[in-house]
Amino acid sequence: MLDIKLIRERPDWVRQRLASRGAGEEERVADVLKADENRRKAIAEVEQLKAARNQAARDIGALMGQKKTAEAEARKAETRAMGDRIAQLDALVKEADAARDALLLRLPNLPHETVAAGTGPADNPVVRAWGAKPEFGFKPKAHDALCEELELVDFKRGAKLAGSGFLLYTHWGAKLERALIQFMLDLHTREHGFVEVSPPYLASRDCMLGVGQLPKFEDQAYAVQEGLDAATRGRLYLVPTAEAPVANIHRDEILPENRLPLRYCAYSPCFRAEAGAAGVGTRGMIRVHQFDKVEMIEIVKPEDSYAALERMVGCAERVLQLLELHYRVVLLCTGDMGFASAKTYDLEVWAPGQGSYLEVSSCSNCEDFQARRMNLRYRAGAGDNRFPHILNGSGTALARLFVALLETGQQADGSVILPEPLRPYLGTNRLTRPHP
RNA sequence: GGAGAGAUGGCUGAGUGGUUUAAAGCGCACGCCUGGAGAGCGUGAGUGGGCUUAUACCCCACCGGGAGUUCGAAUCUCCCUCUCUCCGCCA
């Protein structure tokens, strides 16, 4: 969430940065300022009364001590009415607080000044590309055909088990999925300095609010219900990304400065309801309700966060480089960025069978937007607690990486050659039909 | 799921309605002392908010979370969460 003091002191700048997202959010700034003013007025009034009540209580205590019972009773009687007034005003403060927070929690982060202005994916500048589109002496197949022929994924039965958008990996497909997860975790922990964690796959509402997944995007999450008790729905959510639990590991803490940067990586399945997304990308495994992902989270001092973002993108790129996949890096423009992010790079891997690039990683610097929501601070010095910056990045998302790997490695005979680093994990250098 | 016990500041740990609107010890920071260190002595130190040029002063709130009783709640009542012990169920 945005710093209310920043909004108070530089409302025009905040409006201008919000406007760059092109969603009209800048119109909410006036509402926020009004709500903030209401809140402060209510607080000032009730606190004055409370100070008076506290003084009265002290006086009564002293009178009782001196056995001046009559005076004490008289003082009690005149103080009694104050309690009701305070209760009323407290309720007003609570209301004003909630009103302000409701607005603040729905305002997106401010795009960093280095982010290109734009309105959609077409305006995302390509920062660099690595490798080249592979050449084939034949017409490359799409991954769904390869999956069926090599029995890597059983789409039909996956849908039978949980509905459209759920995958049943089989034979080499299941092993390849597992191998990719392990390969990426090994890479990030051994070479990139991340600490591996394995979080719960359900996250509390507070965690979801903390990363900015809620309250705006409730329709995209799977809310679970505990047993038959419908009242429990909305307390826990299936994680849409490991970012939700992992970024919140230190919520409500004040970290010693020397613990930063904290670098975590985690595997988790990711569950996305993505209501009403029929049409584009519904075929195969490019857009599904559950996919696997290895996520990187970094908590850093503010002055280090943009260098950390570049580094994190490099860590994600390293995965694709080692797997010998052609990809490009794009900088998301102001109109295409996620809610919590100040600056985001996407990695798009080439999928020859699709004839298009697929997003397999998104690395974002959320600055202090999330730290503020989750009340995570670090001690920069005596009496100087600050919000750290939090970054997240996929390193990388599966399913689509799986697609690119199959489509890139496919051979004329229908088999798929694996890049060298995966071979030890699978015990083979080539995927073939599991049986004749 | 059932029964019981517990949750206090960085840690330990007092505190069952009012000079305790959080004692004491340890640890911490600074100062004095010392050639230096230690010991000793002294001082200080939490979080958020309001008011502010101010991380100064003053004020409000915070003893797991929420509600209540009261002039006044760490303390009494109710609900919830978490931890520990035991029982049941379970991979």
Side-chain angles (χ1 to χ4, degrees), chain A residues 1-10 32-101 104-105 198 200-210 224-236 245 248-259 302 368 371-388:
Chain A
M1 113 176 114
L2 299 180
D3 183 0
I4 184 64
K5 287 184 193 138
L6 176 71
I7 301 178
R8 262 183 227 152
E9 286 159 21
R10 303 178 62 193
V32 171
L33 286 172
K34 187 87 182 90
D36 179 52
E37 206 185 310
N38 285 343
R39 170 178 171 276
R40 288 197 288 163
K41 257 169 75 179
I43 286 175
E45 194 178 353
V46 76
E47 284 192 351
Q48 202 179 336
L49 264 180
K50 281 181 179 176
R53 182 182 65 179
N54 288 346
Q55 186 54 52
R58 266 190 293 266
D59 293 348
I60 292 168
L63 290 171
M64 307 268 284
Q66 298 161 32
K67 306 275 189 233
K68 297 182 179 170
T69 317
E71 281 178 56
E73 286 303 325
R75 196 70 200 275
K76 273 192 202 180
E78 65 184 56
T79 311
R80 199 160 293 144
M82 253 159 102
D84 295 337
R85 182 69 186 138
I86 286 172
Q88 280 173 16
L89 290 172
D90 262 340
L92 279 182
V93 168
K94 208 173 161 184
E95 240 173 74
D97 245 338
R100 190 187 75 166
D101 285 350
L104 276 177
L105 285 171
S198 180
Y201 299 152
L202 293 177
S204 70
R205 187 174 180 81
D206 282 343
C207 286
M208 296 286 276
L209 281 165
V224 304
Q225 172 176 317
E226 295 166 35
L228 295 174
D229 186 357
T232 60
R233 199 185 305 129
R235 289 220 287 247
L236 289 172
N248 276 287
I249 288 175
H250 298 287
R251 73 168 12 258
D252 289 317
E253 292 183 28
I254 300 175
L255 299 167
E257 186 173 26
N258 62 16
R259 286 201 59 191
D368 63 7
R372 225 172 258 291
R373 289 175 160 245
M374 59 182 71
N375 193 30
L376 165 62
R377 289 158 295 167
Y378 74 98
R379 195 177 301 282
D384 188 14
N385 296 332
R386 301 183 192 167
F387 293 105

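Chain letters run A, B, ... following the sequence lines, proteins first and then strands; every chain starts at 1.
- For the pair A/Asp36 CG and B/G49 C1', the interatomic distance rounds to 12 Å; values are reported in whole Å.
- In this structure, A/Gln48 places its CD atom where only 12 or fewer heavy-atom neighbours from other residues, nucleotides or ligands lie under 6.0 Å away.
- As rounded to the nearest Å, B/U52 and B/U70 have C1' atoms that lie 35 Å from one another.
- Between B/G6 and B/U69, the distance separating the two C1' atoms is 25 Å to the nearest Å.
- For B/G48, the OP1/OP2 oxygens have no side-chain nitrogen or oxygen of A/Lys5 closer than 4.0 Å.
- Across the C1' atoms, B/A73 and B/G17 are found 7 Å apart, a figure rounded to whole Å.
- With a 3.5 Å ceiling on both atom-pair distances, B/G17 lacks any Watson-Crick or G-U wobble partner.
- Taking atom CG of residue A/Leu49 and atom C1' of nucleotide B/G72, one finds them 16 Å apart after rounding to whole Å.
- The gap from the C1' atom of B/U8 to that of B/C58 amounts to 27 Å, rounded to the nearest Å.
- Remark: B/C78 base-pairs with B/G66. Criterion, Watson-Crick or G-U wobble with two distances under 3.5 Å.
- Side-chain N/O atoms of A/Arg205 include none lying less than 4.0 angstrom from OP1 or OP2 on B/U81.
- For residues 71-92 of chain A, proximity to RNA chain B is found at A/Lys76, A/Thr79, A/Arg80, defined as any non-hydrogen atom under 4.0 angstrom from a strand atom.
- Nucleotides B/G15 and B/C76, compared at atom C1', are 15 Å apart to the nearest Å.
- Distance, A/Met64 CE to B/C71 C1': 9 Å, rounded to whole Å.
- Checking A/Ala62 against A/Ala51, the closest nucleotide of RNA chain B that is more toward the 5' end is the one next to A/Ala62.
- Separating the C1' atom of B/U55 from that of B/A45 is a span of 14 Å, rounded to the nearest Å.
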Which pairs, protein N/O on one side and nucleotides 44-47 of chain B N/O on the other, fall under 3.5 Å?
from, atom 1, to, atom 2, distance (Å)
B/U47, OP1, A/Arg379, NH1, 3.4
B/U47, OP1, A/Asn385, ND2, 2.8
B/U47, O3', A/Arg377, NH1, 2.5

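- Taking atom P in both B/A39 and B/U47, one finds a spacing of 27 Å when rounded to whole Å.
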